[in-house]
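All of these numbers come straight from a predicted model, not from anything done at the bench.
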Amino acid sequence: AMEKSHMSMFLLLVAISCVLAKDAGKKDTKETTAKPKLPQTLSRGWGDQLIWTQTYEEALFRAKHSQKPLMIIHHLEDCPHSQALKKVFAEHKDIQKLAEKFILLNLVYETTDKNLAPDGQYVPRVLFIDPSLTVRADITGRYSNRLYAYEPSDISLLYSNMQKALKLLKTEL
């Protein structure tokens, strides 16, 4: 019986995040990326009244120059785990208020920066970067096999991690 419960726990952990399939066939050619269609809003539903940056490069620049930490959310529109997290994130009044103190970026694609995938490319995952442009790999969620994954039930942990990212800033800079 012990082995069985162990196995179901493992399956649960595997199920909480969508693994990104590396699909070479989906690589866009230069033509299709020349004129990107901008989404209706850069928030993509994570907080329509918040100010979101458009690119990782812009986000890094703004974090450095504003001396605010950067919060990056990797997600996919067709990932149910991403959708579920987005819903609670957008409806959480305290999180939305606290988010104003961050430079914000949500991405539906991976960057070339390997530091943004310390333990793999999966969604949803949330990482914090301080104004010295250091990825805070020490601010983690509760899953040991997906350190930066959060479920809707982890929303208060995400909130306290946001507070932690801001506190670190005050003590270190």
Side-chain angles (χ1 to χ4, degrees), residues 15-21 26 28 32-113 115-118 121-131 133-136 139-143 146-170:
I16 64 153
S17 53
C18 298
V19 179
L20 297 182
K26 279 198 184 129
D28 284 341
T32 55
T33 52
K35 271 214 184 87
K37 263 207 187 85
L38 287 183
Q40 283 325 105
T41 157
L42 291 171
S43 84
R44 296 190 182 90
W46 288 86
D48 293 340
Q49 80 295 349
L50 294 167
I51 299 163
W52 295 84
T53 47
Q54 192 175 329
T55 64
Y56 180 45
E57 291 68 32
E58 179 199 348
L60 289 175
F61 179 84
R62 287 178 52 182
K64 191 176 174 146
H65 289 272
S66 66
Q67 290 300 297
K68 286 179 172 179
L70 162 59
M71 176 163 68
I72 298 185
I73 304 169
H74 285 88
H75 64 109
L76 284 175
E77 297 297 341
D78 59 359
C79 166
H81 307 287
S82 296
Q83 291 303 322
L85 185 64
K86 178 197 293 192
K87 188 171 161 30
V88 296
F89 185 93
E91 289 170 3
H92 196 293
K93 295 210 169 29
D94 292 337
I95 277 190
Q96 291 291 309
K97 187 92 198 99
L98 196 59
E100 293 171 8
K101 297 187 162 77
F102 288 82
I103 301 298
L104 299 167
L105 177 66
N106 69 78
L107 292 175
V108 288
Y109 53 88
E110 293 290 337
T111 69
T112 51
D113 187 346
N115 296 314
L116 288 187
Q121 297 184 335
Y122 51 87
V123 292
R125 73 178 193 279
V126 182
L127 285 144
F128 296 94
I129 297 180
D130 67 29
L133 304 189
T134 304
V135 175
R136 301 308 306 225
I139 303 181
T140 57
R142 39 185 205 106
Y143 307 101
R146 295 257 189 281
L147 290 174
Y148 310 98
Y150 296 85
E151 283 195 89
S153 58
D154 303 326
I155 198 71
S156 56
L157 174 60
L158 180 55
Y159 179 66
S160 65
N161 277 349
M162 288 169 71
Q163 290 175 310
K164 193 192 279 183
L166 286 164
K167 260 196 210 85
L168 280 172
L169 205 64
K170 294 202 172 55

Applying salt bridge (Lys or Arg N to Asp or Glu O under 4.0 Å) to Lys97 and not counting sequence neighbours gives Glu100

Is the shortest side-chain N to carboxylate O distance from Arg125 to Glu110 below 4.0 Å? yes

With sequence neighbours left out, the residues meeting side chain to side chain contact (heavy atoms under 4.5 Å, CB included) with Ile51 are Arg62

Using only atom types and a distance under 3.5 Å, with no angle test, would you say the side chain of [X] pairs donor to acceptor with the backbone of [Y]?
{"X": "Thr140", "Y": "Tyr148", "result": "no"}
{"X": "Lys87", "Y": "Pro152", "result": "no"}
{"X": "Asn106", "Y": "Leu42", "result": "yes"}
{"X": "Gln96", "Y": "Trp46", "result": "yes"}

Check: [Y] and [X] side chains under 4.5 Å, non-hydrogen atoms:
{"X": "Leu60", "Y": "Glu57", "answer": "no"}
{"X": "Leu157", "Y": "Ser160", "answer": "yes"}
{"X": "Val108", "Y": "His75", "answer": "yes"}
{"X": "Ile129", "Y": "Tyr56", "answer": "yes"}
{"X": "Leu98", "Y": "Leu166", "answer": "yes"}

Give me the ring orientation class for Trp52 and Phe89: parallel if the planes are under 30° apart, tilted from 30 to 60°, perpendicular past 60°. tilted

